[in-house]
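Data first, discussion second: the structure below is written as structure tokens.
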Amino acid sequence: MTILWNVLQENKEMNNDPLHGKSLKTIVEQLVDFYGFDTLAELININCFKDNPSINSSLKFLRKTDWARKKVEELYIRTLPKF
């Protein structure tokens, strides 16, 4: 019974996570579509959004850089109600 309860709690937590099931690529694409690279560069001060930006170069940087990915994920969560 305890195992079933733990599984149900884990499923409930995943359903409450706005990032659950979202790939980094989807997150970046949605942010770029909504804000554009110029505004993203103002909101998150990282070079992959400033200097010759592209989805692929941004993904490459964000996959290697935890602090930058965290900032992008936080912006995505704050922006969700606006989508």
Side-chain angles (χ1 to χ4, degrees):
M1 189 68 151
T2 304
I3 294 172
L4 179 59
W5 177 255
N6 290 341
V7 169
L8 290 173
Q9 287 302 104
E10 288 175 16
N11 285 340
K12 184 177 178 183
E13 288 173 13
M14 283 189 282
N15 290 337
N16 290 333
D17 180 3
L19 299 176
H20 179 72
K22 298 284 183 180
S23 68
L24 184 58
K25 182 176 182 182
T26 298
I27 291 169
V28 171
E29 287 173 340
Q30 286 185 317
L31 289 173
V32 169
D33 287 344
F34 188 77
Y35 290 112
F37 279 111
D38 291 339
T39 303
L40 274 177
E42 291 176 15
L43 294 170
I44 304 173
N45 187 17
I46 52 179
N47 285 336
C48 69
F49 294 153
K50 292 180 183 181
D51 186 28
N52 197 20
S54 72
I55 299 289
N56 286 336
S57 67
S58 298
L59 289 172
K60 185 175 180 179
F61 175 76
L62 293 170
R63 286 183 178 128
K64 294 178 183 178
T65 315
D66 290 338
W67 64 265
R69 184 175 58 246
K70 184 164 178 67
K71 287 182 180 278
V72 168
E73 289 172 346
E74 289 170 354
L75 177 61
Y76 178 79
I77 292 169
R78 288 194 316 267
T79 305
L80 272 175
K82 300 175 185 177
F83 289 140

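Source: prediction; values computed, not measured.
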Are the side chains of Leu40 and Val72 in touch, meaning some heavy atoms are under 4.5 Å apart? no
Taking the side chain as every heavy atom from C-beta outward, state whether Phe61 and Asn56 have any atom pair closer than 4.5 Å.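 SC-SC contact between Phe61 and Asn56 ruled out.
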Checking Arg69, Arg63, Lys64 against Asp66 for salt bridge (charged side-chain N to carboxylate O under 4.0 Å, His left out), the one that qualifies is Arg69
**OP:** Please say whether more than 12 non-hydrogen atoms of neighbouring residues, nucleotides or ligands are located less than 6.0 Å from NZ in Lys50.
**Re:**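 Enclosed: over 12 neighbouring heavy atoms sit under 6.0 Å from NZ of Lys50.
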Q.
For Asp51, I'd like to know if atom CG has over 12 heavy atoms of other residues, nucleotides or ligands within 6.0 Å.
A. no
Exercise. Checking ring pair (Phe, Tyr, Trp, His ring centres under 6.0 Å) for the pair Phe83/Tyr76: CA distance, chi angles, key distance, verdict?
Worked result: CA-CA 10 Å; Phe83 289 140; Tyr76 178 79; 5.7 Å; yes
Polar side-chain atom of [X] near backbone of [Y] as donor-acceptor pair, under 3.5 Å:
X: Thr79; Y: Leu75; answer: yes
X: Ser58; Y: Ser54; answer: yes
X: Thr65; Y: Leu62; answer: no

If I take atom [atom1] from residue [X] and atom [atom2] from residue [Y], how far apart are they, to the nearest 0.5 angstrom?
X: Glu73; Y: Ile27; atom1: CD; atom2: CD1; result: 5.5 Å
X: Phe49; Y: Leu31; atom1: CZ; atom2: CG; result: 7.0 Å
X: Glu29; Y: Leu59; atom1: CD; atom2: CG; result: 7.5 Å
X: Lys71; Y: Asn45; atom1: NZ; atom2: CG; result: 9.0 Å

